[in-house]
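Since the structure comes first, as structure tokens, the remarks are kept for the end.
Side chains are part of it too, since the values below use all heavy atoms of this structure and drop only hydrogens, waters and symmetry mates.
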Amino acid sequence: MNILWMDKNSFIVRNFSIILSITVLLFIAIPSMTKAEALTTDDTVKATEFYNSGLANFKLKQFEQAILALDKAIALNQNYEDAYGLRGLAHDELQHYEQAIADFSKSIDFDPRPAGKYYLRGKSYFSSNQLERAIADFSKALSINPELGEAYLCRGFAYLDLKQFQPAIADFDKALAINPKHAASYFNRGKAYYGLNNSQQAIADFNQALSLNYQNAEIYFYRSLAYAQLEQYDNVLADCDKAIAINPNYIKAYGAKGITYALLGRNQEAIAAFRQCIRIGNNPTVVSLAKQSLIKLGDTTAIPAAAATTTTSLPAEDYLRDGMNNFKAQQYEQAIANFDKAIATNPKSDIAAVSYLGRGNAYYSLKQYDLAINDFEQAIKNQPDFGFAYARRGSAYYALKKYDQALNDFDQAISISNTDAITYSFRGLTYMELKRYNEAIADFNQAAALDPQHAVSYYTNSAFAHLFAKQYEEAAADFDKIIAVNPQQEQAYYFKAKALMDNLKRPQDAIDAFRQYLEHGTNPTWISDAKTQLSALGVES
């Protein structure tokens, strides 16, 4: 049985985040030896503060704010290796793959030794479908560290997508030699065996993955395909049913059921399965083949008039909904196409206003800020009291460093609705750029009050604003707030100690803070500095 709508390897591609903590450790395994560490200028201090703000935002998964902070760190110190690396990770999380690749490449230029750097760049190449380059980077990583199991796994994915099944199997073999209980490696090796028509071995690998609790609709679907190669049609139907039980909208399983029932001459059941494909409708290829199959089976009751030859237009609400779903899935180009269609139906409607906002957000995510601003303006023209549109236009102006225009928009957004923490946070960052530190601090505190879940990020920004304003007591108090919310925020102990020591001349309090940092800290440079400071104070570390 040939399933024509099988798409490329997708399930594991988006699961890289489960090994992100490992890759971060790999990335920083060799401490950076850049010019930044030798410098003692105010710019270097500020660059370090912006880096730590970026790190705090990254840990909170506020990747756009992390990038903005890291941009500033790099602007102050263009040799800041760790800032390039962290910004690359943030870009990768946002699927800004070309920017991530550029940052990882810059970091490699500084120090080509860590295997993790090539692994991370290879991951971005893979995610942007530059498979040959991904393979080259994974191979380089493995030449440096042959025990890097994730690189074997990811190189195997790339070979699998290129339909180079034998080298894919070899890489999954190596990944399993390092971790014999890695279910995803069994699953993907099974897919490679299926590609070679080695159905028995494919089924054995799928079974092994299932025994390791790798339960999802896709694995049952692929095992059904392997059973189909062996013409074990009862097993095909059973596995399709298992896939559907996990995901009732798994359209490919209904398609496979329809084909299997048709092969068995069970036409009414085939018709029912193909009708389900049309009902779900989330894969155009499957829907098209289902319609063709229904026509061949003499049933068109589930097909809208003329659907076999033409495509009916969806209502504006449907295009808007599809665009929003695309945006949530970070499918920005598809989102823009659906918002285009929603707007085209009636550019002056409320639906169009929301669609302009959605399309503007998609352009913003693609860093096409001028286009985003145009769409936010259209949304405001349609709905003059659309506070969120003002806020988003302000964030686009902020990204373009047009701070006065950004500030005007944030003021307007807050005057319409004063309950959005992100708007206060962005206005605070804008005040920071304009060196209006007290107003920035007030906004960061308001954001923390409105969004306690992300208070650490807001208090961090407030602390840096206090430092820039030379309000050192207040900065130390902010670091205490951070520690109270999350005692594992190591940079708060370190910067509190530095403020107490260098600016407030309170050595005993500084000693306590440096000791607290040594209990929690992991940054080799800061650990060394803390020990040096304690030694200078005549205290054992």
Plane angle bin for Tyr494 and Phe514 - parallel if under 30°, tilted between 30 and 60°, otherwise perpendicular: perpendicular
Arg133, CZ atom: more than 12 neighbouring heavy atoms under 6.0 Å: no
Gln215, CD atom: more than 12 neighbouring heavy atoms under 6.0 Å: yes
Expected output: side-chain Ser535 to main-chain Lys531 donor-acceptor under 3.5 Å: no
For Tyr398, the option from Tyr364, Tyr403, Phe410, Tyr431 that meets ring-ring contact (aromatic ring centres under 6.0 Å, His included): Tyr403
Exam field: side chain His454 to backbone Ile422, donor-acceptor pair closer than 3.5 Å: no
Charged N-O contact under 4.0 Å between Glu473 and Arg506: yes
Row check, Phe468 ring normal vs Lys435 NZ/CZ: under 6.0 Å, within 45°: no
Tyr397 side chain to Ile373 backbone, donor-acceptor under 3.5 Å: no
More than 12 heavy atoms of other groups within 6.0 Å of Lys61 NZ: no
Parallel, tilted or perpendicular: ring planes of Phe58 versus Phe63, cut at 30 and 60 degrees: perpendicular
Side chain to side chain donor-acceptor pair (under 3.5 Å) partners of residues 323-333, not counting sequence neighbours, each pair once: Gln95-Gln330, Asn326-Gln331, Asn326-Asn338
Pairwise side-chain contact, Phe495 with Glu49, heavy-atom cut-off 4.5 Å (strictly under): yes
N/O donor-acceptor pair under 3.5 Å between Lys117 side chain and Asp111 backbone: yes
Sole residue of Asp480, Asp512, Asp509 in salt bridge (Lys or Arg N to Asp or Glu O under 4.0 Å) with Lys496: Asp480
Candidate pair Phe444 and Tyr458, rule ring-ring contact (aromatic ring centres under 6.0 Å, His included), full reasoning: CA-CA 5 Å; Phe444 294 138; Tyr458 306 130; 7.6 Å; no
Interatomic spacing from CG in Asn188 to CG in Leu160 - rounded to 0.5 Å: 6.0 Å
Main-chain N/O of Gln412 paired with Ser415 side-chain donor or acceptor, under 3.5 Å: yes
Ser139 side-chain N/O to Ile135 backbone N/O, donor-acceptor pair under 3.5 Å: yes
Plane angle bin for Phe479 and Phe464 - parallel if under 30°, tilted between 30 and 60°, otherwise perpendicular: perpendicular
Ser457 and Asn57 side chains, donor-acceptor separation under 3.5 Å: yes
